[in-house]
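Worksheet for the structure shown next.
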Amino acid sequence: MDRPFVFLNVAMSADGKIDSFERRGATLSSARDKDRVDRLRASADAVMVGGRTLLDEDPRLTVKSADLRAERQARGLPPNPVKVGIVSRADLRPDSEFLNSGPARVLLFTTAQTLAAQVEILQACGAEVFLLGKRRVDLVAALSMLKELGLERLMVEGGATLNFELLRMGLVDEITVYLAPLVLGGENAPTLAGGPGLVRFDALPLSLVSAEAWDDGGVLLHYQIS
Ligand SMILES: NC(=O)c1ccc[n+]([C@@H]2O[C@H](COP(=O)([O-])OP(=O)(O)OC[C@H]3O[C@@H](n4cnc5c(N)ncnc54)[C@H](OP(=O)(O)O)[C@@H]3O)[C@@H](O)[C@H]2O)c1
């Protein structure tokens, strides 16, 4: 396989939304789920997010637990996985958390829409910047580059548009969903997979690996792509 093993994780309301209509990065995970996500992140070689999540929410994407970071280092790994952004126009601020929280290697896959001067700013902040496409990032090329860099396990942390595109292109191996006991509604609230959508015939079949009911009222679902 010319790409890493790719697993996608989301926290989702019972009605399938991964944020409210306000799109401010609503917290849907319980405390227990946050710990699970931290462990999952600590198990990854790289963690990827899409452009809107990156620019609007400026995630740190670091491993929160000092014990988990120490465990990684004991295994000869860097304390945090490599951070990967898929962003058409990489207008990140030099003081952003994404670029600065760490220590962590930062890779930005972007397009010709990012101005050369901005690329220089990002590089001066220590990010490695790759131009892969004119309007949108070529995801196959991005994943193959991650594999070339020796990154074997890629965790994808949204958002909806990136999730859809990776799923549509057959680039995802597993999905974990924390289904929070909440209803958010909202026609424009993002869901696990956004984008233009698929007709029923093309719907992606999943195999349920496990379903756990948690005492915080949530359900943890683990799927493999069939
Ligand atoms: N609950 C959760 O687990 C969770 C996790 C993460 C995010 N979220 C939520 O998800 C929402 C953001 O999702 P989103 O769908 O708006 O954006 P997104 O998936 O974070 O980012 C998508 C954007 O990335 C850029 N991009 C460049 N190349 C691409 C490619 N090949 N495929 C896909 N995207 C590409 C595009 O920007 P251009 O349109 O500029 O070209 C695209 O619109 C937020 O509300 C956030 O809170 C929830």
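Numbering of ligands and ligand atoms starts at 1, following listing order.
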Inset, instruction - Apply salt bridge (Lys or Arg N to Asp or Glu O under 4.0 Å) to Arg72 and Asp45, showing your working. - result: CA-CA 10 Å; Arg72 282 179 59 94; Asp45 295 320; 5.5 Å; no

Inset, instruction - Check step by step if salt bridge (Lys or Arg N to Asp or Glu O under 4.0 Å) holds for Arg136 and Glu165. - result: CA-CA 11 Å; Arg136 286 238 161 149; Glu165 208 47 28; 5.4 Å; no

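Listed by chain and number, residues touching ligand 1 at under 4.0 Å (heavy atoms only) are Val10, Ala11, Ile18, Asp19, Arg23, Gly25, Gly50, Gly51, Arg52, Thr53, Glu57, Ile86, Ser88, Arg136, Val137, Leu139, Glu157, Gly158, Gly159, Ala160, Thr161, Leu162, Glu165, Pro190.
A salt bridge links Arg36 to Asp33: at least one charged side-chain nitrogen sits closer than 4.0 Å to a carboxylate oxygen. For the pair Asp15 and Lys17, the salt-bridge criterion is not met [side-chain N within less than 4.0 Å of a carboxylate O].
Side-chain contact check for Ser207 and Ser226: at least one donor-acceptor pair (N or O, by modelled atom type) lies under 3.5 Å.
A side-chain contact (heavy atoms from CB on, under 4.5 Å) with Tyr178 is found for exactly one of Leu221, Val219, Asp216, namely Asp216.
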